[in-house]
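By convention in this document, chain letters (A, B, ...) are assigned in the order of the sequence lines, proteins followed by strands, and residues within each chain are numbered from 1. These values consider heavy atoms only, across backbone and side chains, with no hydrogens, waters or symmetry-generated copies. The shown structure was predicted, so the numbers you read here are calculated from the model rather than taken from an experiment.
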Amino acid sequence: MKKCLDGRYLVFTRYPDGIDGKWFYQKDCPAHAPSWIKTQAHVSQGGKRTINYVTGADAATLAWLGNQACIEVHSWLSRTRNLLHPDWAVFDLDPAPPAGFAEAVHTAWLLKDLLDDLNLSSCVKTSGGAGLHVYVPVRPIYTYQQTRDFVHAIGRILQKRHPDHITLQRPVAQRTGKVYIDYLQNGAGKTMAAPYSPRPLARAPVSVPLTWSMLTSHKTVYGITNVEEWLGRGDEAFWSVLCSRQVLPALR
DNA sequence: GCGGTAC
DNA sequence: GTACCGCAACGCTAC
DNA sequence: GTAGCG
């Protein structure tokens, strides 16, 4: 089966001095990296810079990255063969205190119900923080503008139905106590934390794919720290949904 | 973490 | 030798 | 235009 990071540009955050020390993003694979790391040259838009993005992450690559003190792995929403056409439309659900994980779970279920009504498949993973990521697989025939408009439109419907619980407002101050649906993550060059990416926080929480039936506000879901416990449970279903590449209905 | 540069 | 430095960077939204 | 946001 095609892995969900195959052919995707990856971006890393590195913490050579630990999570409390200096950190930095890294996009450009260093020249001294082993030759078996898969990369692809990419000319950045506007700026006349070429970046050799790491594409895909097999076990050996992840091991090398780990030794480079990479903690977070972020990936593009499109793949190298079709960079302008994402194959994931993503809903980034970000609860603003005092809203938390339970509110994100509630919003995710509202979203799933709406997507079900539209006959669209979807899957969910924790962000590793208090939020959730909901993915709708799409055939790579839409532009980022189109998937962004789609996620925006769905977000507006939910926000209108549940104005006290959901917001699309950018300014942080206007999100207090609500779940922010960040539709703007659907854009060229934007990235999402990859499945199983750790976060640079105490106890190293991980972004974990879940089956919908596993998604409850129970403690055992929120703040997962032990990846092994979950391997072979949620991931297979998650990846099979991601690989289904269901077509979005007509976007207007 | 590590290569590149400046002293 | 050792000290310091870079390691991303842009579109979209709100004001 | 500039600042905020991710």
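In this structure, the nucleotide among B:dG1, C:dT13, C:dA14 sitting nearest to the side chain of A:Arg14 is B:dG1. Candidate nucleotides D:dG6, C:dA14, B:dC2 were compared by shortest atom distance to the side chain of A:Gln169, and C:dA14 ranks first. In this structure, of B:dG3, C:dC12, C:dC7, it is C:dC7 that holds the atom nearest to the side chain of A:Gln26. Relative to the side chain of A:Arg175, the nucleotides B:dC2, D:dG6, C:dC10 differ in distance, and D:dG6 lies closest. Closest approach to the A:Lys190 side chain among B:dG1, D:dG6, C:dA14 is made by D:dG6 (side chain taken as heavy atoms from C-beta onward). Out of C:dA14, B:dG1, C:dA8, the shortest distance to the side chain of A:Ile51 is found at C:dA8. Set against D:dG6, C:dC12, B:dG1, the side chain of A:Val172 has D:dG6 as its closest nucleotide. Checking C:dT13, B:dC2, C:dA8 against every side-chain atom of A:Asp28, the shortest atom distance belongs to C:dA8. The side chain of A:Lys27 lies closest to C:dA8 when the candidates are B:dG3, D:dC5, C:dA8. In this structure, the nucleotide among B:dC2, C:dA14, D:dC5 sitting nearest to the side chain of A:Gln174 is C:dA14.
To the nearest 0.5 angstrom, A:Thr55 atom OG1 is 11.5 Å from A:Arg8 atom CZ. Separation of atoms CG (A:Asp116) and CG (A:Leu111) is listed at 9.5 Å; rounding is to 0.5 Å.
Using a 4.0 Å heavy-atom distance criterion, A:Asp17 is classed as making no nucleic acid contact.
Residue-to-nucleotide contacts include a donor-acceptor pair under 3.5 Å from the side chain of A:Arg170 to the base of D:dC5.
Residue A:Arg49 contributes atom CZ, which lies 6 Å from atom P of C:dC7 at whole-angstrom precision. Spacing between atom CG of A:Asp182 and atom P of C:dG11 amounts to 16 Å, rounded to whole angstrom units. To the nearest angstrom, P of B:dG1 lies 16 Å from NZ of A:Lys22. Atoms CH2 (A:Trp64) and C1' (B:dC2) sit 10 Å apart, rounded to a whole Å. Atom CG of A:Leu168 is separated from atom P of D:dG6 by 14 Å (rounded to the nearest Å). A:Leu184 places its CG atom 12 Å from the C1' atom of C:dA14, with the value rounded to the nearest Å. Atom CZ in A:Arg148 sits about 13 Å away from atom C1' in D:dG6, given to the nearest Å. The interatomic distance linking A:Phe24 (CZ) with B:dG3 (P) rounds to 13 Å, in whole Å.
Between the side chains of A:Ser122 and A:Lys112, no donor-acceptor pair is found at a separation under 3.5 Å.
Between A:Tyr183 and C:dT13 there is a side-chain N or O to OP1 or OP2 distance below 4.0 Å.
A side chain to side chain contact (heavy atoms under 4.5 Å, CB included) with A:Val11 is found for one member of A:His74, A:Lys190, A:Gln26 and no other, namely A:His74.
Contact annotation: the side chain of A:Arg170 approaches that of A:Asp182 to within less than 4.5 Å [non-hydrogen atoms, C-beta and beyond].
Using a 30° and 60° split on the angle between ring planes, A:Tyr53 and A:Tyr9 fall in the parallel class, below 30°.
Straight-line distance between the C1' atoms of D:dC5 and C:dA8: roughly 16 Å, to the nearest whole Å.
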